[in-house]
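Below: one structure in structure tokens.
Proteins get letters first, then strands, A, B, ... in listed order; numbering begins at 1 in each.
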Protein chains: 2
Amino acid sequence: MSSTIDLLRTSGVKVTPGRVRVYEALAAAAQPLSHADLEARLPDADRVTLYRVLDTLVVCGLAMKAVDARGVFRFSASGAQSEHRRHAHFRCTDCGRVFCLKDAPPPPPKLPRGFRLADAEYDLRGTCANCARAHHK
Amino acid sequence: MSSTIDLLRTSGVKVTPGRVRVYEALAAAAQPLSHADLEARLPDADRVTLYRVLDTLVVCGLAMKAVDARGVFRFSASGAQSEHRRHAHFRCTDCGRVFCLKDAPPPPPKLPRGFRLADAEYDLRGTCANCARAHHK
DNA sequence: CAATATTTGCAACACTGTTGCATTTGCAAC
DNA sequence: GTTGCAAATGCAACAGTGTTGCAAATATTG
Ligand SMILES: [Mn+2]
Ligand SMILES: [Mn+2]
Ligand SMILES: [Zn+2]
Ligand SMILES: [Zn+2]
């Protein structure tokens, strides 16, 4: 069980109280959190600092960023960076939860000449088992 | 070839110049258009009216609304939507343009028992040929 | 402890989308 | 064609989300 401080240090970023608290809020959450969700959980945090801390966590691989159905970014802790890059994700449009799938992400398709691929994401949406059952009963 | 006016009338909404122009811009577009894209194509249109027209087209079934990777809503004429489901898209993080790729999207991976797939999108990001060249000079 | 590169807090801003309200307009009934 | 009215439009003001510039504070290194 490695501490949040160790995680940050290992990821090569400075350890600051803001980063520790934000990461721990993400890790403790059952669902991906929006910036507004985090402001509610950390009332003392500065708005802009919060955006920048989230950005840092994403860049260093400790968090994942995805857009929800309303067009708002949601963040979730990703214990190990390489873990989530090796599989696709499924987002339930009912409850908002994100599930990690077993299968490897598909290989990127051919790009036109001169194009450079920086990042790829296979985004699957639908209803999870829980919500499908609840919906159906 | 049914006219836009007929389409609107059949959908049970009033026929106005704004609705005709917006629908035709969507139908003529190669990719889903954001509100900003449409403002550029229809410089005389009022911002708010444009939002309301788009909303009307979605409600009456003539357009589809989806959120893109930046969290911005993009609209497409209903007929065109099925077209874009048959290939993946590449978004240039420099200029923001979206390119339709030739290859078919990869087959969806196996989902856990009870999960229902509603929609899938293979989202590729990077720099397009133009921006890569400009960046490199 | 001192040096310094990062990070923070704050103000100001940009972009996306919404609401209220007075005016205009599409369309149906006459 | 004229009239009446519900619906659509234009405009101003606003709310939410995210960004940028810059001075002050602070985490790390030595
Ligand atoms: Mn995952
Ligand atoms: Mn396409
Ligand atoms: Zn669910
Ligand atoms: Zn580009």
Please tell me which of the listed nucleotides, C:dT16, C:dT19, C:dG9, lies nearest to the side chain of B:V48?
C:dT19

From C:dA11, D:dT17, C:dC27, nucleotide with atom closest to A:Y51 side chain:
D:dT17

How many Å lie between CD on B:E39 and P on D:dG10, as a whole number?
12 Å

How long is the line joining CG of B:D46 and C1' of C:dA22, in whole Å?
14 Å

Short question: side chain of B:R74, backbone of B:P32 - any donor-acceptor pair under 3.5 Å?
yes

Value in whole Å for how far the P atom of C:dT24 lies from NZ of B:K14
16 Å

Distance to the ring centre below 6.0 angstrom and angle to the axis at most 45 degrees; does that hold for B:K65 and B:F75?
no

Tell me: CG of A:L54 to P of D:dG18, nearest whole Å?
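Checked: the CG to P distance equals 10 Å.
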
From C:dC27, C:dT8, D:dT17, pick the nucleotide closest to the side chain of A:R70?
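Nearest to the side chain of A:R70 among the choices is D:dT17.
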
Sugar-phosphate, base or nothing in reach of A:T16, heavy atoms under 4.0 Å
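Here A:T16 touches the backbone only, sparing every base.
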
Over all strands shown, is A:V15 touching base, sugar-phosphate only, or nothing at heavy-atom distances under 4.0 angstrom?
sugar-phosphate

Assign each of B:H35 and B:R9 to its nearest nucleotide of DNA chain C by heavy atoms, then name whichever residue's nucleotide is nearer the 5' end.
B:H35

Could you state the CG-P distance from A:D55 to D:dT19, rounded to the nearest angstrom?
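Answer to the nearest Å: 7 Å.
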
Closest heavy-atom pair and its distance - A:T4, A:E24
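So the two residues come closest at OG1-OE2, 2.8 Å.
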
If a pair satisfies side-chain hydrogen bond (donor to acceptor under 3.5 Å, both in side chains) and one of its residues is in residues 50-61 of chain A, list it, with sequence neighbours excluded.
none

What is the distance, rounded to the nearest whole Å, between atom CZ of B:F73 and atom P of C:dC15?
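Distance, rounded to whole Å: 18 Å.
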
Quiz item: A:R47 side-chain donor-acceptor pair to C:dG9 base, under 3.5 Å
no

Could you state the atom-to-atom distance from CG of A:D37 to P of D:dG18 in whole Å?
11 Å

Whole Å only: how far is the CZ atom of A:F75 from the C1' atom of D:dG18?
10 Å

When all nucleic acid strands are considered with a 4.0 Å heavy-atom cut-off, which category describes B:V53: base, sugar-phosphate, or nothing?
sugar-phosphate

OP1, OP2 of C:dT7 versus side-chain N and O of A:R52: anything below 4.0 Å?
no

Provide the Watson-Crick or G-U wobble partner of C:dT8, both distances under 3.5 Å; none if there is no partner.
D:dA23

Heavy-atom side-chain contact between B:H35 and B:R47 under 4.5 Å:
yes

